[in-house]
Structures are given as structure tokens and as C-alpha cells.
Amino acid sequence: MELRNERKVIGSIALWMLDRKNGVAGYGYAFNRAYWNNGYASESSGALLRVAFSTLNLRRVSATCDVRNVESWRVMEKVGMHRERTLERDVLQKGEWRDSYEYAILRGEVT
């Protein structure tokens, strides 16, 4: 993502197919820490989900985040996703296993 007025890349967002036959995808985002808490993650996530359901006709989109990343799971909740489960020690990060939350949203639940 780019700040249009500054022509500066501040982050990225991606959507990928997990199960094409059943219309299931995953998504994720990352932003430069200097641009956190400005609404960019919520705005881009909402736009991505609207495209995923209305244009791509997907049925379900999911995402995961570190359980300690409160800002990230709040973004997912803000765009209407709901926490489905906790994945224990599913990601090896900086030499230590961490837990993740898995969030999901179905077509028709996007606000």
C-alpha cells in the first residue's frame, strides 16, 4: 500500500486461495510500525473483504495473528471477523514457538 499524497509504500495486504472449489481464501497484511493506529489496516482489510465477496464471489476468508498482537486482532474484529480458535505453538518466531488466533468471516457478514 502506498500513501498517495506522499508516494510512499507503507505496507502490504494479500489475499490467497486456500480452496478454490469451496470459495475459501486467506488474507494477511503488514504495515511499517510508524503507520500503525491510523486506520490503514482496517480500511484496507474492509476493502479487500468487500472485493473478496462481491467481485471474487468467495464464501469464506480467514486470517491468523499472534495472540499477543492485540492491534491486529482488533482490526479483524472491527471488519466483522470472528475468532474461531487458538492455534497452539503453530509458528516458530525468533527461535520460540508462539500461539496464533484464527479469525474468519463469511459472505454476508461484511459490514
Side-chain angles (χ1 to χ4, degrees):
M1 280 170 271
E2 178 182 86
L3 286 180
R4 201 177 292 169
N5 58 340
E6 295 180 32
R7 298 195 44 91
K8 181 175 185 176
V9 174
I10 62 166
S12 63
I13 191 166
L15 178 76
W16 55 90
M17 292 303 300
L18 296 171
D19 181 345
R20 187 173 303 278
K21 177 183 174 189
N22 290 300
V24 179
Y27 100 100
Y29 52 83
F31 284 89
N32 179 311
R33 191 176 295 267
Y35 295 92
W36 287 11
N37 299 312
N38 288 297
Y40 298 128
S42 298
E43 181 182 351
S44 59
S45 292
L48 179 134
L49 292 172
R50 286 188 295 279
V51 168
F53 295 120
S54 66
T55 303
L56 302 176
N57 201 32
L58 297 178
R59 186 184 60 80
R60 180 184 190 324
V61 177
S62 65
T64 63
C65 69
D66 187 323
V67 298
R68 299 167 296 184
N69 190 341
V70 176
E71 293 86 359
S72 192
W73 53 261
R74 282 190 179 151
V75 165
M76 289 186 261
E77 290 174 354
K78 186 175 182 178
V79 297
M81 298 180 84
H82 54 275
R83 188 181 304 166
E84 291 192 325
R85 63 183 171 153
T86 302
L87 304 165
E88 295 182 6
R89 295 176 297 283
D90 68 316
V91 175
L92 184 61
Q93 189 175 42
K94 298 180 182 175
E96 293 185 22
W97 289 99
R98 71 148 217 234
D99 296 345
S100 298
Y101 288 141
E102 181 174 23
Y103 278 79
I105 190 167
L106 300 173
R107 182 180 23 210
E109 295 178 337
V110 175
T111 56

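Just so you know, residue 1 is the first one in the sequence shown, and it goes up from there. As the structure is a computational prediction, the values presented were derived from the model and not from experiment.
Of all heavy-atom pairs spanning Cys65 and Arg98, the tightest one is C-NH2, 3.9 Å. Closest approach of Leu15 and Ala25 over heavy atoms only: CD1-CB, 3.8 Å. Between Ser45 and Val75, the closest heavy-atom pair is OG-CG1, 3.9 Å. The shortest heavy-atom contact between Gly26 and Val61 is C-CG1, 4.5 Å. The shortest heavy-atom contact between Arg60 and Phe53 is N-CE2, 3.8 Å. Here the shortest heavy-atom pairing between Ile105 and Val79 reads CD1-O, 3.6 Å.
Taking hydrophobic clusters as Ile, Leu, Val, Met, Phe, Trp and Tyr residues chained together by side-chain heavy-atom distances below 4.5 Å, Val24 does not share a cluster with Val110. Using a 4.5 Å cut-off between side-chain heavy atoms of Ile, Leu, Val, Met, Phe, Trp and Tyr, with links allowed through other members, Leu106 and Leu58 fall into different hydrophobic clusters. Follow the hydrophobic side-chain contacts under 4.5 Å out from Leu18 and you never reach Tyr27; the two are in separate clusters. There is a path of hydrophobic side-chain contacts, each under 4.5 Å, that joins Tyr29 to Leu3.
Annotation: Arg59, atom CZ; neighbour count of heavy atoms from other residues, nucleotides and ligands within 6.0 Å is above 12. Around atom CD of Glu71, more than 12 heavy atoms belonging to other residues, nucleotides or ligands sit under 6.0 Å away.
Aromatic ring pairs are classed by plane angle as parallel below 30°, tilted from 30° to 60° and perpendicular above 60°; the pair Tyr101 and Tyr103 is perpendicular. Relative orientation of the Tyr40 and Tyr35 rings is tilted, given thresholds of 30° and 60° on the angle between their planes.
Rounding to the nearest 0.5 Å gives a distance of 4.0 Å between CZ of Arg85 and CD of Glu102. Once rounded to the nearest 0.5 Å, the distance linking OG of Ser54 with CZ of Arg107 reads 10.5 Å. Within the model, atoms CG of Leu49 and OG of Ser44 stand 9.5 Å from one another, a figure rounded to the nearest 0.5 Å. In this structure, CZ on Phe31 lies 6.0 Å from CD1 on Ile13, to the nearest 0.5 angstrom. Interatomic distance, OG1 of Thr64 versus CG of Asp99, reported as 12.0 Å (0.5 Å rounding).
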Residues 87-96, side-chain donor-acceptor partners within the protein, below 3.5 Å, at least two apart:
unit_1 : atom_1 : unit_2 : atom_2 : d
Asp90  : OD1    : Ser100 : N      : 3.4
Asp90  : OD1    : Ser100 : OG     : 2.9
Asp90  : OD2    : Ser100 : OG     : 3.2

>> Working note: Met76 + Arg83, criterion side chain to side chain contact (heavy atoms under 4.5 Å, CB included); need CA distance, chi angles, decisive distance, verdict.
In response: CA-CA 9 Å; Met76 289 186 261; Arg83 188 181 304 166; over 6 Å; no
